Amino acid sequence: MDTFEDLLKKLNQAKEIMEMDNNEIEEQIPFLIDLLDTYQNAHLEEAAETISNYLLSLQNLIIPHLDLLDKDSNFINYFCFYFLPKCSDKLIASMKDELLTVIRRNDFTEETDLMMAESLLKRYLIVDEIKGILKEKMTYVQEIMQDGKRNRLLLGDYFEHLKRI
């Protein structure tokens with residue numbers, strides 16, 4: 001975990017980055033996304049919001065650097081409930097493949113796939129694709145539960161959440 005001094009140093013570095021031209025910024029986007037992850041994990045909401053808003057201003061430049069499948073559940077949670085609601089419909093459409101990849105993943109413990117689906121469905125975006133994926137998940141989970149080789153309690157919670165969507 002970073003010390004308070006480290007966090008301040010990174011914030012100052014981020015402020016310098018945010019003053020750069022868009023031509024210079026692209027190579028700094030991974031740093032900013034990692035910094036956003038650090039700040040949201042440290043519950044530094046104001047700093048996280050500053051970075052989020054800046055990343056949102058970059059629009060499509062951020063997409064190749066998101067790598068949502070490599071992010072932990074805390075980041076996906078933050079992304080779903082704080083970042084996505086601020087995204088324009090156009091930006092979400094541009095991120096569609098990345099977002100659907102997260103939804104296709106079967107995350108039986110943290111349920112980040114279902115969080116992502118719910119967040120997008122609330123905005124009525126990419127609904128048909130999400131419904132298709134959720135239907136496939138429902139069938140898959142039912143088959144696994146009938147097979148009985150996995151933890152039914154864990155799958156039962158996931159299945160109930162899936163049904164509520």
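Bear in mind the structure is a predicted one, so any value in this text is a computation, not a measurement.
Between the Ser57 side chain and the Tyr54 main chain, a donor and an acceptor come within less than 3.5 Å of each other. In this structure, Asn74 contributes its side chain and Asn41 its backbone to no donor-acceptor pair below 3.5 Å.
Contacts of Arg104 classified as side-chain hydrogen bond (donor to acceptor under 3.5 Å, both in side chains), with partners at least two apart in sequence or in another chain: none. Every residue two or more places apart in sequence or in another chain was checked for a side-chain hydrogen bond (donor to acceptor under 3.5 Å, both in side chains) with Lys131, and none qualifies. Checked against side chain to side chain contact (heavy atoms under 4.5 Å, CB included), Lys90 has the following partners two or more places apart in sequence or in another chain: Ser88. Partners of Tyr82 according to the ring pair (Phe, Tyr, Trp, His ring centres under 6.0 Å) rule, which considers only residues two or more places apart in sequence or in another chain, are Tyr78.
Across all their heavy atoms, Met95 and Cys87 have their closest contact at CE-SG, 3.8 Å. Nearest heavy-atom pair across Leu125 and Ile92 is CD1-CD1, 3.5 Å. Taking each heavy atom of Tyr158 and Asn106 in turn, the nearest pair found is OH-OD1, 4.1 Å. Here the shortest heavy-atom pairing between Ile126 and Lys96 reads CG2-CD, 3.6 Å. Of all heavy-atom pairs spanning Arg105 and Lys137, the tightest one is O-NZ, 2.6 Å. The minimum heavy-atom distance between Ala48 and Leu36, with the atom names listed, is O-CD1, 3.3 Å.
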CA sep, side-chain torsions, deciding dist, call: Val127, Leu121, side-chain contact (heavy atoms from CB on, under 4.5 Å): CA-CA 6 Å; Val127 173; Leu121 289 172; 4.0 Å; yes

Derivation and outcome, side-chain contact (heavy atoms from CB on, under 4.5 Å), residues Asp113 and Ile76: CA-CA 9 Å; Asp113 52 342; Ile76 298 295; over 6 Å; no

Between Met116 and Leu120, is the side-chain contact (heavy atoms from CB on, under 4.5 Å) condition met? List the steps. CA-CA 6 Å; Met116 181 72 71; Leu120 292 168; 4.2 Å; yes

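Sequence neighbours left out, the pairs with a member in residues 33-52 that pass salt bridge (charged side-chain N to carboxylate O under 4.0 Å, His left out) are Asp34-Lys71, Glu49-Lys86.
Counting heavy atoms from C-beta on, the side chains of Glu129 and Ile103 never come closer than 4.5 Å. Residues Ile29 and Glu26 form a side-chain contact, since some pair of their non-hydrogen atoms from C-beta on lies under 4.5 Å apart. Side-chain contact between Ile144 and Phe108 is present, with heavy atoms from C-beta onward closer than 4.5 Å. Looking only at side-chain heavy atoms (C-beta outward), Asp157 and His161 stay at 4.5 Å or farther from each other. Considering only heavy atoms from C-beta on, Gln40 stays 4.5 Å or farther from Phe79 through its side chain.
Summarising the geometry, atom CG belonging to Leu100 is positioned 6.0 Å from atom CD1 belonging to Ile130; distances are rounded to the nearest 0.5 Å. Here Met115 contributes atom CE and Ser73 contributes atom OG; the two are 6.0 Å apart, rounded to the nearest 0.5 Å. Here the straight-line distance linking atom CG of Leu32 with atom OG1 of Thr38 works out to 11.0 Å at 0.5 Å rounding. Interatomic distance, CD of Gln28 versus CG of Leu35, reported as 11.5 Å (0.5 Å rounding). Once rounded to the nearest 0.5 Å, the distance linking CG of Leu162 with CE of Met138 reads 4.0 Å. Atom OH in Tyr140 sits 9.0 Å away from atom CG in Leu155 (nearest 0.5 Å).
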Run the side-chain donor-acceptor check on residues 58-69: report pairs under 3.5 Å with partners two or more places apart or on a different chain.
from  : atom 1 : to    : atom 2 : distance (Å)
Gln59 : NE2    : Leu56 : O      : 2.9
Asn60 : OD1    : Ser94 : OG     : 3.3

